[in-house]
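Notes for the one structure printed next.
Chain identifiers are assigned alphabetically (A, B, ...) following the order of the sequence lines, protein sequences preceding nucleic acid strands; residue numbering begins at 1 within each chain.
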There are 2 protein chains.
Amino acid sequence: MNQSPDARYEELIAKLRARGGRITPQRMAIVRILADAAGHPSAEEIYHQIRMRFPTTSLATVYKVIAALKEMGEVLELGFADGSSRYDGHNPHPHAHLICVRCRKIVDPRVEGLNAVPQDVARAEGYLLVGHRFDIYGVCPECRAAEAQP
Amino acid sequence: MNQSPDARYEELIAKLRARGGRITPQRMAIVRILADAAGHPSAEEIYHQIRMRFPTTSLATVYKVIAALKEMGEVLELGFADGSSRYDGHNPHPHAHLICVRCRKIVDPRVEGLNAVPQDVARAEGYLLVGHRFDIYGVCPECRAAEAQP
DNA sequence: GTGCTTGCAAACAGTTTGCAGATAG
DNA sequence: CTATCTGCAAACTGTTTGCAAGCAC
């Protein structure tokens, strides 16, 4: 999961093809953006980036390609209460996220001693574990500095 | 926070009044439902319960009253990716939730060794902690039994 | 050539808002 | 009496869907 953007790109394209999917220019571009992304882009952000190279690409296509990758378990969707979503194409397994409430930046922090918690809690209550989500909300260093002298 | 439904009801009404709010029959009924609720009702569920007693109450009023209680920090909103929300009128502080992906039931599980994690992670990354959210997804015992013989 | 994919536009759903009339204090 | 609250209906917003045309294989 700590592979290079290029390797991740090739992997996703190969998995799409193995599934019987067709490799269109739009799909290549969307997968490229997901593989290169340092952060957790939204559909709109992917859409705007795509438009630089393929100006006729539609937002609907972005959603459809992401949906296919989600079904394959290769993209993690972080859905928010306002109906918007952000996507992680690098690490599709549940992991903690640190979210700036001011600039909406999302990073993957290192978290200790959490791995067994979901399974332990589920078992204790008689549940079959399916997944989990752990979001920590805060103000990032840049936004703290910006708030200091507004 | 482990008070009786009646005490919680009185507390919420008193706080609404102290804020200069007016205590209408609709507000009394909505606060009653939140204070009595064992689970985490949705706006629709509150709306349906209200209608048994005050059949002219509108969904908009339910949302407006909940919004006022949220602003006062007395109700915790759990917003989901589909745009829907569930509300906890008992414990407005962030805490873990165990959510059945089949029947959507939400319970508050006991979780060990998590208290310091959000603050530790935020500090380690230079963030100012604002809050957090920890959802564990699973299939509840009742739904597991139901799935065994469909 | 076949059938998956694209792009447009309309639909969707829970929530929010504007406003006129009702009402708590 | 007057400012807040209610209820209706319309608006909002990111996402999803239906369908005809396009294109990968």
Side-chain angles (χ1 to χ4, degrees), chain A residues 12-33 40-51 53-72 75-87 104 106, chain B residues 12-34 40-72 75-87 104 106:
Chain A
L12 288 178
I13 292 291
K15 287 190 175 175
L16 272 174
R17 204 191 308 267
R19 196 178 178 248
R22 291 174 184 174
I23 308 305
T24 63
Q26 292 93 332
R27 287 182 165 205
M28 288 190 279
I30 291 169
V31 168
R32 183 92 252 167
I33 290 167
H40 299 66
S42 65
E44 279 286 342
E45 283 159 9
I46 295 171
Y47 175 63
H48 285 308
Q49 288 202 46
I50 283 265
R51 290 227 135 209
R53 288 164 151 271
F54 298 91
T56 71
T57 306
S58 75
L59 194 48
T61 295
V62 174
Y63 279 110
K64 284 169 184 167
V65 175
I66 292 171
L69 293 168
K70 271 194 297 179
E71 271 174 36
M72 295 161 51
V75 162
L76 178 68
E77 177 173 26
L78 290 178
F80 293 94
D82 65 357
S84 68
S85 284
R86 307 279 290 268
Y87 303 94
R104 301 260 98 200
I106 301 177
Chain B
L12 288 180
I13 292 292
K15 288 189 174 175
L16 271 175
R17 204 190 310 266
R19 197 179 177 245
R22 290 174 183 175
I23 308 305
T24 63
Q26 294 91 330
R27 289 182 163 206
M28 288 190 277
I30 291 169
V31 169
R32 183 92 253 165
I33 290 167
L34 283 171
H40 299 67
S42 65
E44 279 286 341
E45 282 160 9
I46 295 171
Y47 175 62
H48 284 309
Q49 287 201 47
I50 283 264
R51 290 227 135 207
M52 297 175 189
R53 286 164 153 271
F54 297 91
T56 71
T57 306
S58 75
L59 193 49
T61 295
V62 173
Y63 279 110
K64 283 168 183 167
V65 174
I66 291 171
L69 293 168
K70 270 194 297 179
E71 271 174 37
M72 295 161 51
V75 161
L76 178 68
E77 176 173 26
L78 290 178
F80 292 95
D82 64 357
S84 68
S85 284
R86 305 280 290 269
Y87 302 95
R104 300 261 98 199
I106 301 177

*Using a distance-only test with no angle check, is there a side-chain donor-acceptor pair under 3.5 angstrom linking A/E77 and A/S85?*
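There is such a pair (donor and acceptor under 3.5 Å, judged by atom type) between the side chains of A/E77 and A/S85.
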
*asked:* Output one letter per nucleotide in nucleotides 5-10 of chain D: B when a protein non-hydrogen atom lies under 4.0 Å from the base, S when only the sugar-phosphate is that close, - when neither is.
replied: SSBB--

_Side chain to side chain, B/R104 and B/R86, heavy atoms closer than 4.5 Å_ =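 Touching, per the 4.5 Å side-chain cut-off.
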
In whole Å, I'd like the distance from the [atom1] atom of [X] to the [atom2] atom of [N].
| X | N | atom1 | atom2 | value |
| --- | --- | --- | --- | --- |
| B/Y47 | C/dG14 | OH | C1' | 14 Å |
| A/E44 | D/dG14 | CD | P | 7 Å |
| B/L16 | C/dA24 | CG | P | 15 Å |
| A/I13 | D/dC25 | CD1 | P | 10 Å |
| B/R17 | D/dA3 | CZ | C1' | 17 Å |
| B/R104 | C/dG14 | CZ | P | 12 Å |
| A/E71 | D/dT16 | CD | P | 11 Å |
| A/L59 | D/dT17 | CG | C1' | 13 Å |

*Applying salt bridge (Lys or Arg N to Asp or Glu O under 4.0 Å), name anything that partners B/E45, two or more places apart in sequence or on another chain.*
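Scan of B/E45 (salt bridge (Lys or Arg N to Asp or Glu O under 4.0 Å), adjacent residues dropped) gives none.
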
*Go through the steps for A/I66 and A/I46 under the test side-chain contact (heavy atoms from CB on, under 4.5 Å), then give the verdict.*
CA-CA 10 Å; A/I66 292 171; A/I46 295 171; 3.9 Å; yes

*asked:* Please give me the minimum heavy-atom distance between A/L59 and A/A43, naming the atom from each residue.
replied: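 Result for this residue pair: CD1-O, 4.0 Å.
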
*Heavy atoms under 4.0 Å, any strand shown: does A/S85 hit a base, just sugar-phosphate, or nothing?*
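If one applies the 4.0 Å heavy-atom cut-off, A/S85 turns out to touch the sugar-phosphate alone, with no base involved.
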
*asked:* Between A/R27 and A/L16 (side chain of the first, backbone of the second, donor and acceptor by atom type, cut-off under 3.5 Å), is there such a pair?
replied: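 No: the side chain of A/R27 does not pair with the backbone of A/L16.
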
